[in-house]
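Contents: one structure, followed by commentary.
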Amino acid sequence: MTDTILNTLIIGSGPAGYTAAIYACRAQLEPVLITGSEVGGQLTTTPEIENWPSRKDNPDGFSLMFEMGEHAKALGTKIVNDEVVKVNFKDKIKEITTKTGTVYKTKTVIICTGAKAKYLGLESESIYKGHGVSACATCDGFFFRNKTVAVVGGGSAAFVEALYLANLCQKVYLIHRRDSFRAEKVLVEKLKNHPKVEMVLNATVKEVLGDGNVVSGLKLNTQDGDKEIAVNGMFVAIGHEPATAIFKDELELLNDGTIKIGFGTATSTSVKGVFAAGDCADNVYRQAITSAGMGCSAALDAERYLMD
């Protein structure tokens, strides 16, 4: 256990975590940032980012997160490559325990642990992640302009993704394991009547096909047996899982596992002195730029909390 009581400790190293660190440094809070097992967060798997303001050079996610981490470090953030495995938020001074056994004491905590998109769990799917398989149409849809893609899912998120892609792509298949949908009826009607969309129902993806570098199609398991369709990409839209399991006995969570915020300030959690930002606390936008903005807000909220 470290004897020093920190002003603020940041859990997570994605856009929210690094931005929180930058603002915490500017407020002279001397932050410590615990990176987590996936340094840089899920954005590091994105091969090209075309919508980051001022970066018209289309940086890859790994480079962008590396530069953001270096910025935070240059301003004075102590970055620790470790993983938080236990927290205790019951007292005014919070305790954070890491995988290596270190226990940190801190006055405030900023949680930026993110969320992971749910995938189908296919071996072939893993091969093409970032190379034709994606879980974010607004992030990667541009790369499939005038091409053919498939969206897997039957909820509102899948229908929104499919409608978005239909404005960019030549054709969109919607693949769903049932013939009924959880999506809003208005979205279902829009998609059913869209000239570029074809629904493939009572079907599941059995294999992603390609040459090892580029996706060329999907093998589907249907009621009539196996079927292959030609596509250039597959978008999986079966939900996200917030990385919040270690907080379930310490903080109030929403039904989907997202940390509930807004207790006094925009990023305040149900425990005073604990703040949350990014995808672990956002089940609506889930964009790198909105995560970064929330990280800024969380650092400012922590600063004001410490001033009271």
Side-chain angles (χ1 to χ4, degrees), residues 1-36 41 72-73 75-80 82-115 242-283 290-308:
M1 180 181 292
T2 58
D3 295 326
T4 305
I5 297 177
L6 306 172
N7 286 317
T8 192
L9 185 142
I10 300 163
I11 307 174
S13 55
Y18 284 143
T19 304
I22 288 167
Y23 276 81
C25 285
R26 289 174 58 82
Q28 299 183 329
L29 299 184
E30 300 178 326
V32 170
L33 183 148
I34 311 295
T35 61
K73 196 185 298 182
L75 289 176
T77 305
K78 181 182 178 183
I79 296 180
V80 181
D82 205 344
E83 184 178 355
V84 174
V85 295
K86 183 181 177 183
V87 299
N88 183 348
F89 294 156
K90 299 203 167 32
D91 299 320
K92 189 170 184 180
I93 300 300
K94 320 303 179 191
E95 288 189 358
I96 310 293
T97 305
T98 67
K99 197 171 186 177
T100 58
T102 306
V103 179
Y104 294 87
K105 291 185 176 183
T106 181
K107 297 174 185 175
T108 63
V109 178
I110 300 175
I111 301 170
C112 306
T113 48
T244 58
I246 63 171
F247 308 115
K248 64 184 177 68
D249 296 324
E250 301 287 332
L251 298 175
E252 189 173 339
L253 306 180
L254 300 176
N255 289 336
D256 64 357
T258 303
I259 297 171
K260 187 174 181 179
I261 55 176
F263 291 85
T265 66
T267 65
S268 298
T269 70
S270 56
V271 173
K272 290 183 178 179
V274 179
F275 307 89
D279 286 5
C280 66
D282 171 19
N283 57 7
T290 53
S291 292
M294 288 180 75
C296 163
S297 299
L300 296 177
D301 287 343
E303 179 190 13
R304 288 165 187 157
Y305 171 85
L306 290 168
M307 290 172 64
D308 289 342

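Position 1 is the first residue of the sequence; numbering continues from there.
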> Which value, rounded to the nearest 0.5 Å, describes the distance between T267 atom OG1 and I110 atom CD1?
Replying inline: 7.0 Å
> Rounded to the nearest 0.5 Å, what separation is found between the OG1 atom of T269 and the CZ atom of F275?
Replying inline: 7.5 Å
>> How about CG on N255, more than 12 heavy atoms from neighbouring residues, nucleotides or ligands closer than 6.0 Å, or not?
In response: no
>> Going by salt bridge (charged side-chain N to carboxylate O under 4.0 Å, His left out), name the pairs with one or both residues in residues 250-259, residues two or more places apart or in two chains.
In response: K90-E250, E252-K260
>> Just verifying a value: how many Å separate M294 CE and D279 CG, rounded to the nearest 0.5 Å?
In response: 8.5 Å
> Are any of the side-chain heavy atoms of V109 and V87 separated by less than 4.5 Å?
Replying inline: no
>> Can you confirm whether I96 sits close enough to F89 that some side-chain heavy atom of one is under 4.5 Å from a side-chain heavy atom of the other?
In response: yes
> salt bridge (charged side-chain N to carboxylate O under 4.0 Å, His left out) with K99: which residues, sequence neighbours excluded?
Replying inline: E83
> So which pairs with a foot in residues 8-31 pass side-chain hydrogen bond (donor to acceptor under 3.5 Å, both in side chains), sequence neighbours left out?
Replying inline: T8-T108
>> According to side chain to side chain donor-acceptor pair (under 3.5 Å), who are the partners of T265, at least two apart in sequence or on a separate chain?
In response: S268, D301
> Is K107 close to I93 at the side-chain level, that is, under 4.5 Å between some pair of heavy atoms?
Replying inline: yes
> Out of curiosity, K272 NZ to K94 NZ, how far, rounded to the nearest 0.5 Å?
Replying inline: 10.0 Å
> Taking only residues two or more places apart in sequence, or in another chain, which ones meet K78 in a salt bridge (charged side-chain N to carboxylate O under 4.0 Å, His left out)?
Replying inline: none
> With sequence neighbours excluded, what pairs up with K73 under the side chain to side chain donor-acceptor pair (under 3.5 Å) test?
Replying inline: E70
> Looking at CD1 of I10 and CG of L33, how far apart are the two atoms once the value is rounded to the nearest 0.5 Å?
Replying inline: 5.0 Å
